[in-house]
Amino acid sequence: MLIYNPPTSHYTKFFQRILRFLLLFSIPVLYFLLFPQENSGSYHLLLWILFLMKILNEISFKRVLEVRFKPEERKIIFTIRTLFSDQLQKVYSLDDLRLEVVESKPVIFGLSQPVALYFLRNRKEVCELTNSKDGFSNEQLQEIYKTAETLSLPVKKV
């Protein structure tokens, strides 16, 4: 059995993303506090609506906490959860899935790193693994990609 876990906590990733958004959100707010204008009320309303949409989006994200390969049974298990829900395990047969790998642009000597892994079943996305959403490092995404390749999962690079 091969198990892959992201190095950062589920909650840590959520708060990092919210803090990053708050920093970006505060720039126009500080501008309007330092340089008040007459008809800026609608702009403030727009900023608050965007902030609430970002919070709701972060809460509803389904994050992958663990990817577990069972080569002897030819199964893959994804442990998934949202911010305020319990963990959910989804089990799929490796024979039914295929993998699409989105790679970064080559940086040094033509080497590229996987940026996102999409597990598909009959052209429908079953699971998405990314660094920004799930917290998997590029090395872990590379290992998951190599493991899927060794287990003869059909792989397509995009």
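Index from 1, following the sequence. Below, all heavy atoms of this structure are taken into account, side chains as well, without hydrogens, waters or symmetry copies.
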**Q.** Value rounded to 0.5 Å, distance of NZ in Lys146 from CD in Gln142
**A.** 5.0 Å
Q: Quick one: closest heavy-atom pair of Val155 and Glu149, and the distance?
A: CG2-CG, 4.0 Å
Q | Whether Arg74 side chain and Leu151 backbone form a donor-acceptor pair below 3.5 Å | A | yes
Q: Enter the distance from Thr79:OG1 to Glu66:CD here, rounded to the nearest 0.5 Å.
A: 4.5 Å
**Q.** Heavy-atom closest pair, residues Glu128 and Val64
**A.** O-CG2, 4.0 Å
**Q.** Rounded distance [0.5 Å steps], CZ in Arg121 versus OG in Ser93
**A.** 8.5 Å
Q) Under 4.5 Å between side-chain heavy atoms, hopping through other hydrophobics if needed: is there a path connecting Leu129 to Leu97? A) yes
Q: Answer yes or no: is there a side-chain heavy-atom contact under 4.5 Å between Leu65 and Gln87?
A: yes
Q: Write down the atom of Lys90, the atom of Ile80, and the distance for their closest heavy-atom approach.
A: CD-CD1, 3.9 Å
Q: Check the pair Arg98, Glu100 against salt bridge (charged side-chain N to carboxylate O under 4.0 Å, His left out), reporting the backbone distance first and the verdict last.
A: CA-CA 7 Å; Arg98 66 184 178 92; Glu100 282 191 5; 3.2 Å; yes
Q. Can you tell if the side chain of Tyr118 reaches within under 4.5 Å of the side chain of Leu99, non-hydrogen atoms only?
A. no
(Q) To check you understand the geometry: which heavy-atom pair defines the closest contact between Phe78 and Cys127, and what is its length? (A) CD2-SG, 3.6 Å
Q | Heavy-atom closest contact (Leu153 atom, Leu94 atom, distance) | A | CD1-O, 3.2 Å
(Q) So which atom in Leu141 and which in Asn131 form the shortest heavy-atom distance, rounded to 0.1 Å? (A) CD1-N, 4.2 Å
Q.
For a 4.5 angstrom cut-off between non-hydrogen side-chain atoms, does Leu117 reach Phe136?
A. no
Q. Side chains of Ile144 and Phe119: closer than 4.5 Å at any heavy-atom pair?
A. yes
